[in-house]
Amino acid sequence: MNIRKLKDIIAGRLILASAIFSGLLVFIIAAVLYSRSISILSAKSLSELFLGITWLPSQGEFGFYQFILGTIYVTALAMVFAIPLGTLSAIYLAEYAHESMRSKILPLIDMLAGIPPVVYGMFGVLIIVPLVADIARVSGKLGIPGLTAGSYSTGFSLLAGSVVLAIMIFPIIISISYEVLRSVPSEVREASLSLGATRWQTIKHAVIRTALPGLAAAVILGFSRAFGETIAVLMVAGIALNNIPSSVFDAVYPLPALIALNYGEMMSIPLYDSALLLAALILMAIILIFTLTARLILIRMGGAHG
Amino acid sequence: MKSHISIRNVNAFYSDHQALKGITVEIPEKQITAIIGPSGCGKSTLLKCFNRLIDLTDGARVSGKIIVDDMDVLNHSIDITDVRRRMGLLPQKPNPLPMSIYDNVAYGPRIHGIKDKKKLDQMVEKYLKIAGLWDEVKDRLKSPASKLSIGQQQRLCLARGLAVEPEIILCDEPTSALDPVSSQHIEQQLLKLKSDYTIVIVTHNIHQAMRLADYVIHLYLGEIVEHGAANEVFENPKEERTRAYIDGTFLSDMKVDEEIDLKGNVCPYNFVYAKQALHALPKGKILRMIVDDPTAVTEVPRGMEADGHEILSVKQRNKKEWEIIIKKQ
């Protein structure tokens, strides 16, 4: 066997090994998290953990309900802001904007996507939080459910968290949606326009329909980013323990913040370490479930349209 | 002959490149007009000016007038959606919308405000029948259009275009992506439709133009070389360029039965090989030979002709190679 063949075999094996390793990584992390959270899972029942509302590690109470709810709330509200904003901006840029306009705006959006989360967090503290506090002062008195605020709101709240998150993920949604819309073949537009459709009818009925799986993928990527986002949310969301938010002006305590703020501290408390690792496992599981469901939807949609 | 589309001094530019130069011609009503010419001569550009789909191209500019029913299409203050509704477009590659067969045909009527389910059902059936597709799809109207074969998709596009009740049908090389049987199908539909519609077809297939056209416009490098009734243009072209185009197309389309490559051979060997190859062929068959020896270009045809064979063409293919086409007698 000559050197050349040997190199070929080694290279082949090496590539295979690295591919397997990256694939395995997700299982390794899941396995480690699971093995470390077994102790809490065996000590407490699942309903106690997921539906328990008190979190008092020193007294052995580990209720994740408020954290899970906080994560879902803040992410969902962020998506409510970011999806229309991102999708509509992408439609404008891809379908209406003139080339010169496009070439100026797109690099800016790409830059937005590259700003570190901590900077968004600071921006949130400086601008969004005071703004939310002002809004709370006005709308809190109107008595609309979900928009109530006590006599005083600091502004560090679910709303502030989701606005910051929305600002963070909308560049991702725009740039992916833009690429998706641009990749819609011009024949689709021509087909619709040549039948006498207006531009908006063409976009609404033909272009978006063709691009739907890709647009969904853009939203899902934004969602995954939002769901696991830690530092920016942590800086503006208020972080109040043992508090189930009933209004957008209430403070929330999402799962990633729980892990980031507490892991490594007070590890002498029994089961504390295990509980936080379970929190990480839950976070990972939820993101995996969402991604897989989304994939399934995408595959279904792809199949329906050939 | 009544004119339906009147094109007056139309110029089109892509950035700095002028794609159409002072086009002035009348397109007759309820006839098939073929726009012929080599690739890149501006045929498709001219077609795209009719329904102003050229607006979608960045950096494209058009000047002049295109009058359809007393309306200037190129005037930007008119309602272009109305003009486009009057002109069905049959594209080069079938472009079904990502929806069911039914929804594809109903797409046009729906965007123009027809909501009545019964009326839509009737229209879908009517236009699928006119396009000659109804029998093949009537049991699966709800299945995605992308599941159809390419030929069926093209007839679906025809039905979809007809469903908005246009007066004009624009076809941009409508059979170039289709197999021969599907092409024939489309051509037959077009011939049936010409009693009710003005049809403009862009094609680089001269045989297709001959089969279909009543009127012919020959474009070359963005200019009109010749236009007139099809039988006159094809049988007796006034312009040398039209004659060359028609003849050239015939030769390049001709079925060659045998080909021999004589590159690298010098006289008299290429002469001998050519003779042998012709000898092996049955009578009436056609042989193409490729030579690169300058003497052979003149001597081989001469010799073969002396043997009684018919020389169909001698053409330079590139810097070094010539192609000689001979019919065995």
Side-chain angles (χ1 to χ4, degrees), chain A residues 87 90-106 177-218 297-306, chain B residues 15 44 47-48 50-59 79-100 103-113 142-148 153 156-157 159-166 168-170 172 177:
Chain A
T87 313
I91 290 174
Y92 175 76
L93 286 173
E95 302 290 325
Y96 287 91
H98 202 264
E99 183 61 48
S100 57
M101 170 92 153
R102 216 179 276 155
S103 58
K104 286 188 191 85
I105 291 187
L106 280 175
S177 305
Y178 170 82
E179 290 303 331
V180 167
L181 289 169
R182 293 293 281 179
S183 71
V184 171
S186 61
E187 287 88 17
V188 172
R189 290 181 194 90
E190 284 178 13
S192 172
L193 289 173
S194 69
L195 295 168
T198 61
R199 220 156 157 184
W200 177 239
Q201 283 173 326
T202 300
I203 291 168
K204 199 167 65 169
H205 301 301
V207 177
I208 291 188
R209 206 168 170 143
T210 314
L212 208 55
L215 295 179
I297 297 170
L298 283 185
I299 292 169
R300 277 265 176 87
M301 278 204 278
H305 294 310
Chain B
S15 300
S44 296
L47 205 68
K48 280 185 171 177
F50 291 173
N51 59 7
R52 270 210 359 238
L53 276 184
I54 196 166
D55 290 0
L56 297 185
T57 314
D58 274 331
D79 178 13
I80 189 64
T81 59
D82 183 45
V83 173
R84 287 186 185 141
R85 192 197 56 74
R86 295 184 204 193
M87 300 186 194
L89 174 71
L90 199 55
Q92 199 162 1
K93 229 175 82 209
N95 55 0
L97 292 164
M99 42 188 85
S100 69
D103 289 338
N104 259 282
V105 184
Y107 183 86
R110 276 184 181 142
I111 58 172
H112 292 291
K142 294 288 169 208
S143 71
S146 53
K147 293 262 158 72
L148 295 173
Q153 287 183 15
L156 178 68
C157 292
R160 185 182 64 195
L162 295 176
V164 294
E165 294 171 341
I168 299 168
I169 303 172
L170 306 175
D172 189 359

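By convention in this document, chain letters (A, B, ...) are assigned in the order of the sequence lines, proteins followed by strands, and residues within each chain are numbered from 1.
Considering all non-hydrogen atoms of both residues, A191(A) and R160(B) come closest at CB-NH2, 3.4 Å. Considering all non-hydrogen atoms of both residues, L195(A) and G161(B) come closest at CD2-CA, 3.7 Å. When all heavy atoms of A206(A) and P98(B) are compared, the pair lying nearest together is O-CG, 4.2 Å.
K48(B) NZ to S194(A) OG: the interatomic distance, rounded to the nearest 0.5 Å, is 11.5 Å. With rounding to the nearest 0.5 Å, the separation of NE2 in H112(B) from CD in Q201(A) is 7.5 Å. Here the CG atom belonging to D172(B) is positioned 8.5 Å from the CD atom belonging to E190(A), to the nearest 0.5 angstrom.
Using modelled atom types, no side-chain atom of E187(A) and backbone atom of N95(B) make a donor-acceptor pair closer than 3.5 Å.
Not counting sequence neighbours, the partners of R102(A) by the salt bridge (charged side-chain N to carboxylate O under 4.0 Å, His left out) test are E99(A). Residues meeting the salt bridge (charged side-chain N to carboxylate O under 4.0 Å, His left out) test with D79(B), sequence neighbours left out: none.
By the 4.5 Å heavy-atom criterion applied to side chains, H205(A) and I111(B) are counted as neighbours.
Of the residues considered (V164(B), L56(B), L53(B)), L53(B) shows the highest number of contacts with chain A, using heavy-atom pairs under 4.5 Å.
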Less than 3.5 Å apart, which donor and acceptor atoms pair up between the side chains of residues 177-184 of chain A and the rest of the protein, not counting sequence neighbours?
unit_1: S177(A); atom_1: OG; unit_2: I173(A); atom_2: O; d: 2.6
unit_1: R182(A); atom_1: NH1; unit_2: A94(A); atom_2: O; d: 3.3
unit_1: S183(A); atom_1: OG; unit_2: V180(A); atom_2: O; d: 2.7

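Residue D82(B) does not touch chain A at all, counting heavy-atom pairs closer than 4.5 Å.
Scanning residues 86-93 of chain B against chain A with a 4.5 Å non-hydrogen threshold yields M87(B), L89(B), sorted by number.
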